[in-house]
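These notes are about the structure you will find just below.
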Amino acid sequence: MKLIYFAWVREKVGTAREELAPPADVANVGQLIRWLAAQGDNYAAAFDDVSRVRVAVNQDYATMDQPVGPDDEIAFFPPVTGG
């Protein structure tokens with residue numbers, strides 16, 4: 001699974017991208033975020049308030065119940081505002 005982090009999420013996690021293999025029971029975005037938050041203090045800090053994080057799966061906006069799999073690309077970023 002390819003994970004990409006943008007803006008302050010990247011700063012808190014400590015990397016812009018990585019490839020991880022979550023356990024098989026991680027089947028959707030919400031479960032992935034909970035699993036990531038348990039992987040260390042840096043991840044816990046990045047995902048301590050999921051209302052401040054947006055997610056895209058394979059470059060499409062995703063909800064917490066969006067399925068994820070080992071071949072997916074998941075991006076995490078702050079809410080985007082226009083102007």
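None of these values were measured; they are calculated from a predicted model. For the single chain, residues carry numbers from 1 onward in sequence order.
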- Please name all residues satisfying side-chain contact (heavy atoms from CB on, under 4.5 Å) with R17, sequence neighbours left out, ordered by chain then number. I4
- Item | ring-ring contact (aromatic ring centres under 6.0 Å, His included) involving Y61 - partner list, sequence neighbours excluded | F77
- Sequence neighbours excluded, the answer for side chain to side chain donor-acceptor pair (under 3.5 Å) partners of D65 is T63
- Note on the structure: Taken to the nearest 0.5 Å, the spacing of M1 CE from D71 CG works out to 9.0 Å
- Task: State, to 0.1 Å, how close A62 and V57 come at their nearest heavy-atom pair, and which atoms those are.
- Result: CB-CG2, 3.6 Å
- Query: side-chain contact (heavy atoms from CB on, under 4.5 Å) with Q39: which residues, sequence neighbours excluded?
  - Reply: W35, Y43
- Does the side chain of I33 come within less than 4.5 Å of V55's, by heavy atoms? yes
- Query: Do L3 and F6 belong to the same hydrophobic cluster, where Ile, Leu, Val, Met, Phe, Trp and Tyr are linked whenever their side-chain heavy atoms lie under 4.5 Å apart, directly or via other members?
  - Reply: no
- Item | Value rounded to 0.5 Å, distance of CG in L36 from CG in L20 | 6.5 Å
- List for me each residue that meets side chain to side chain donor-acceptor pair (under 3.5 Å) alongside D72, sequence neighbours excluded, and say none if there are none. N58
Scan the side chains in residues 25-32 for donor-acceptor partners under 3.5 Å anywhere in the protein, sequence neighbours excluded, and list what turns up.
residue	atom	partner	partner atom	Å
N28	OD1	G30	N	3.1
N28	OD1	Q31	N	2.8
Q31	OE1	A27	N	2.6
Q31	OE1	N28	N	3.2

- Note on the structure: Taken in chain and number order and not counting sequence neighbours, the residues that satisfy side chain to side chain donor-acceptor pair (under 3.5 Å) with D49 are S51
- Item | Set of side-chain contact (heavy atoms from CB on, under 4.5 Å) partners for P78, sequence neighbours left out | A7, W8, V9
- Query: What residues form a side-chain contact (heavy atoms from CB on, under 4.5 Å) with R10, not counting sequence neighbours?
  - Reply: Y5, A16
